[in-house]
S.K.: 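Starting off with a structure, shown below.
Every chain is numbered from 1, with letters handed out A, B, ... down the list of sequences. All values derive from a computational prediction rather than experimental measurement.
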Protein chains: 2
Amino acid sequence: MKGFAARMEGSQEYYFSKKLREVNRLIQEGKPVLNLGIGSPDLSPASEVIEALKNAASNERIHGYQSYQGLPELRAEMASYYSKNFNVTLDPESEILPLAGSKEGIMHISMAFLNPGDEVLIPDPGYPTYGSVTQLLGGICSPYYLDLNQSGRPNLEDLESKGLDRVKLMWINYPHMPTGAQGNQAIFKELLAFAKRHDIVLVHDNPYAHILNPQPQSILSLPEAKSHAMELNSLSKTYNIPGWRIGMLCGRKDWVDAVIRVKSNQDSGMFYGLQKGAIEALKLGPDWFDRLNEIYTKRRTLIWKLAELMDLSVQKDQAGLFVWGKVASDQNAEELVDKLLYEDQIFITPGKIFGPSGESYVRISLCQPEYKIQEAIQRIKKKSSK
Amino acid sequence: MKGFAARMEGSQEYYFSKKLREVNRLIQEGKPVLNLGIGSPDLSPASEVIEALKNAASNERIHGYQSYQGLPELRAEMASYYSKNFNVTLDPESEILPLAGSKEGIMHISMAFLNPGDEVLIPDPGYPTYGSVTQLLGGICSPYYLDLNQSGRPNLEDLESKGLDRVKLMWINYPHMPTGAQGNQAIFKELLAFAKRHDIVLVHDNPYAHILNPQPQSILSLPEAKSHAMELNSLSKTYNIPGWRIGMLCGRKDWVDAVIRVKSNQDSGMFYGLQKGAIEALKLGPDWFDRLNEIYTKRRTLIWKLAELMDLSVQKDQAGLFVWGKVASDQNAEELVDKLLYEDQIFITPGKIFGPSGESYVRISLCQPEYKIQEAIQRIKKKSSK
């Protein structure tokens with residue numbers, strides 16, 4: 001045959017798509033695998049969110065195609081969420097686009113801006129999708145590094161010394177996955193000035209804003225940020241509905257319009273019932289986040305204990321849904337991950353899937369109840385006492 | 001700024017994404033618009049389908065990320081649907097990929113196969129997404145024509161006389177939208193031989209299989225079809241759940257794997273509750289289709305009456321969810337559409353959005369209840385009697 005597209009050569013199936021098949025196979029074989037790998041919230045959505053979905057679904061008239069821009073009420077509630085939580089004013093008519101998860105937004109934004117050969121600044125370590133989408137579109141990934149002693153400040157001086165003429169896009173993400181670096185307003189200010197100086201479209205990916213993060217923040221809260229920055233957000237982690245696929249893009253009208261142009265040619269609007277549920281979720285107040293974080297705080301204390309048993313070094317100021325730990329100097333992170341999976345049936349994520357700088361790290365998820373983390377601790381204790 | 005991607009230059013927002021905003025604006029202004037434009041089934045899904053969604057949603061544990069390949073039960077039921085309805089055997093483990101609507105499959109398949117400059121054979125008229133996706137990826141659209149007096153047979157001889165070395169993909173679609181051409185096994189056989197001869201990946205898009213179609217058929221029912229053909233299918237029209245976004249790709253393992261590679265890097269699995277509902281839908285038997293087609297048959301008779309009042313020529317052997325009619329020789333289709341919308345508040349679709357060959361045609365949807373089609377008939381009668 002004439003062959004697949006050239007873009008397929010370097011492309012691989014998403015790590016978790018493949019790895020979770022293996023984990024599920026082990027579970028089907030009867031292995032008691034503890035999955036501390038993926039960041040899929042195990043906690044329940046609020047009951048009013050589920051009720052809103054069910055009530056909507058009961059209506060026989062709402063199962064048709066939906067608008068590519070989502071329900072006006074959904075966009076209004078998204079605007080209100082930005083106003084309440086980040087003090088950012090967005091026009092729900094033109095500056096917000098609901099997405100089927102923020103992940104799809106990465107492809108749509110990249111399609112709107114990237115020509116083959118264009119460079120894209122990507123955090124190393126970072127969410128693998130920034131790089132894989134860039135590669136699928138023939139763009140060139142330029143990694144940048146984060147200083148974990150400075151809340152994850154990127155090495156902007158190094159980047160400037162290399163020349164940035166071909167750089168079109170820069171992905172940033174605070175709280176940063178996988179390192180948990182919190183970022184801060186000073187870093188945002190620097191980044192925005194950097195983007196303006198080099199005419200780069202800065203996209204802040206903000207799905208962990210409310211998870212163990214003392215200071216939820218949006219880059220759009222800076223004055224005139226919209227001229228060079230957009231923001232992706234997601235309801236997955238904030239409201240425990242990752243399977244619903246609800247995200248949003250916030251930014252200036254002409255950029256949002258370009259993304260609609262790409263998106264409307266390849267998918268359709270989201271199911272009405274899920275949109276109605278999302279509206280209820282966005283209405284939840286600070287109590288919701290407090291309860292969530294109370295649970296994650298307790299879990300994290302246990303994960304820190306687990307990390308200690310594994311000889312990991314962990315910074316304690318990490319935000320987000322994971323603990324990021326460096327393996328001991330005499331250990332190999334990948335070997336540790338494999339040993340844990342095959343000998344102890346504990347699945348954690350090797351840091352190198354997030355980029356070369358993640359090589360000697362592992363990522364442990366907070367998405368399991370305390371008793372399961374305790375079980376993991378017991379398994380490791382038992383073994384080391386043998 | 002450094003500018004949008006070159007692909008954005010020719011790209012436009014999907015026609016209905018834009019046009020329906022205008023239609024909704026008219027409705028908000030109090031205009032009693034009758035929407036005979038879009039093919040979004042207005043009929044209800046089966047009650048067991050809705051119940052399955054609601055029951056699943058009630059379970060607090062199912063709101064997390066889902067597998068990129070869908071639930072094994074869903075794939076099994078899709079395989080069973082193909083076996084029952086088309087006598088096609090598919091391996092649910094490797095030859096079926098659930099999709100968030102078949103529309104997204106068009107992008108994923110195109111990304112897996114197309115390099116910039118590759119040619120793609122596209123029906124003219126045809127579903128606009130084949131062309132817009134090709135264009136977004138830098139491919140070249142080569143239109144082909146359908147002989148409506150031969151069940152929509154493509155002009156394969158013309159195509160062969162032009163040379164097909166750069167052609168990678170060919171989109172076919174029977175029952176064909178918008179013309180309603182039914183296709184048949186002889187055409188499928190010719191197409192398959194054509195694809196083999198020129199090493200072309202043939203993709204059959206089959207969402208209208210069960211709508212007013214005397215002979216539902218899959219190209220995969222031909223012997224050895226999988227070597228060169230894949231098929232997209234959708235639950236939208238068949239089970240009245242277009243808003244749910246449930247489709248599927250069927251084909252050989254290595255091609256399905258390539259599509260998974262593309263897809264898993266840009267989205268995530270579908271909501272568990274919608275998958276559970278889809279499983280119930282796929283279990284529905286021939287009675288379901290009979291009831292559906294009884295309703296559409298009555299509506300079509302009325303639409304034919306409406307078409308006559310508009311002086312359209314309509315072939316009576318059309319399958320699918322629309323009536324495709326040619327305007328009288330002294331009329332301009334676009335002007336007719338605009339006059340109907342602005343003067344009579346009846347929205348139908350101009351044929352030219354489906355390609356240059358649709359220039360003197362209009363498309364009328366069967367997705368409105370009889371009393372609304374009657375209302376449209378009355379409006380036109382009243383006017384012509386003035």
S.K.: Examine distances only and state if a side-chain atom of B:S40 and a backbone atom of A:G64 form a donor-acceptor pair shorter than 3.5 Å.
M.R.: no

S.K.: Does any backbone or side-chain atom of B:N24 lie under 4.5 Å from a heavy atom of chain A? Answer side chain, backbone, both or neither.
M.R.: neither

S.K.: Could you grab the distance from atom CD1 of A:I106 to atom CD of B:Q266, nearest 0.5 Å is fine?
M.R.: 10.5 Å

S.K.: Is it the backbone or the side chain of B:I62 that comes under 4.5 Å from a heavy atom of chain A, or both, or neither?
M.R.: neither

S.K.: Below 4.5 Å from any heavy atom of chain A, which atoms of B:Y68 appear? Answer side chain, backbone, both or neither.
M.R.: side chain

S.K.: Kindly determine whether A:F271 and B:L53 satisfy side chain to side chain contact (heavy atoms under 4.5 Å, CB included), including the steps that lead there.
M.R.: CA-CA 12 Å; A:F271 177 50; B:L53 162 60; 3.8 Å; yes

S.K.: Testing the basics here: between B:A57 and A:K54, what is the closest heavy-atom pair and its distance to 0.1 Å?
M.R.: CB-CG, 4.0 Å

S.K.: Side chain, backbone, both or neither: which part of B:N265 has a heavy atom under 4.5 Å from chain A?
M.R.: both

S.K.: If you count heavy-atom pairs under 4.5 Å with chain A, which of B:N59, B:D165, B:N240 comes out on top?
M.R.: B:D165

S.K.: Quick one: does any side-chain atom of A:K2 pair with a main-chain N or O of B:V201 as donor and acceptor, under 3.5 Å?
M.R.: no

S.K.: Taking A:E51, A:R21, A:K103 one by one, which has the highest count of heavy-atom pairs under 4.5 Å against chain B?
M.R.: A:K103

S.K.: Quick check against the 3.5 Å criterion: does B:R261 have a side-chain atom that pairs as donor or acceptor with the backbone of A:M8?
M.R.: yes

S.K.: Considering only heavy atoms, which portion of B:L20 lies under 4.5 Å from any heavy atom of chain A: side chain, backbone, both, or neither?
M.R.: neither

S.K.: May I ask you to decide if B:N115's main-chain N or O and A:R7's side chain share a donor-acceptor pair within less than 3.5 Å?
M.R.: no

S.K.: Is it true that atom CD of B:E73 has more than 12 heavy atoms of other residues, nucleotides or ligands lying nearer than 6.0 Å?
M.R.: yes

S.K.: Could you walk me through whether A:R245 and B:Y65 pass side chain to side chain contact (heavy atoms under 4.5 Å, CB included), step by step?
M.R.: CA-CA 8 Å; A:R245 314 307 307 134; B:Y65 289 113; 3.5 Å; yes

S.K.: Would the distance check show the side chain of A:R61 and the main-chain N or O of B:S44 forming a donor-acceptor pair, the cut-off being under 3.5 Å?
M.R.: no

S.K.: With only heavy atoms counted, which part of B:K196 is less than 4.5 Å from chain A, the side chain, the backbone, both or neither?
M.R.: neither

S.K.: Checking B:S67 against chain A: side chain, backbone, both or neither under 4.5 Å from a heavy atom?
M.R.: neither

S.K.: So what's closer than 4.5 Å to chain A heavy atoms on B:S110: side chain, backbone, both or neither?
M.R.: backbone

S.K.: Looking at A:I38, A:N55, A:V167, A:L43, which one has more heavy-atom pairs under 4.5 Å with chain B than the rest?
M.R.: A:V167

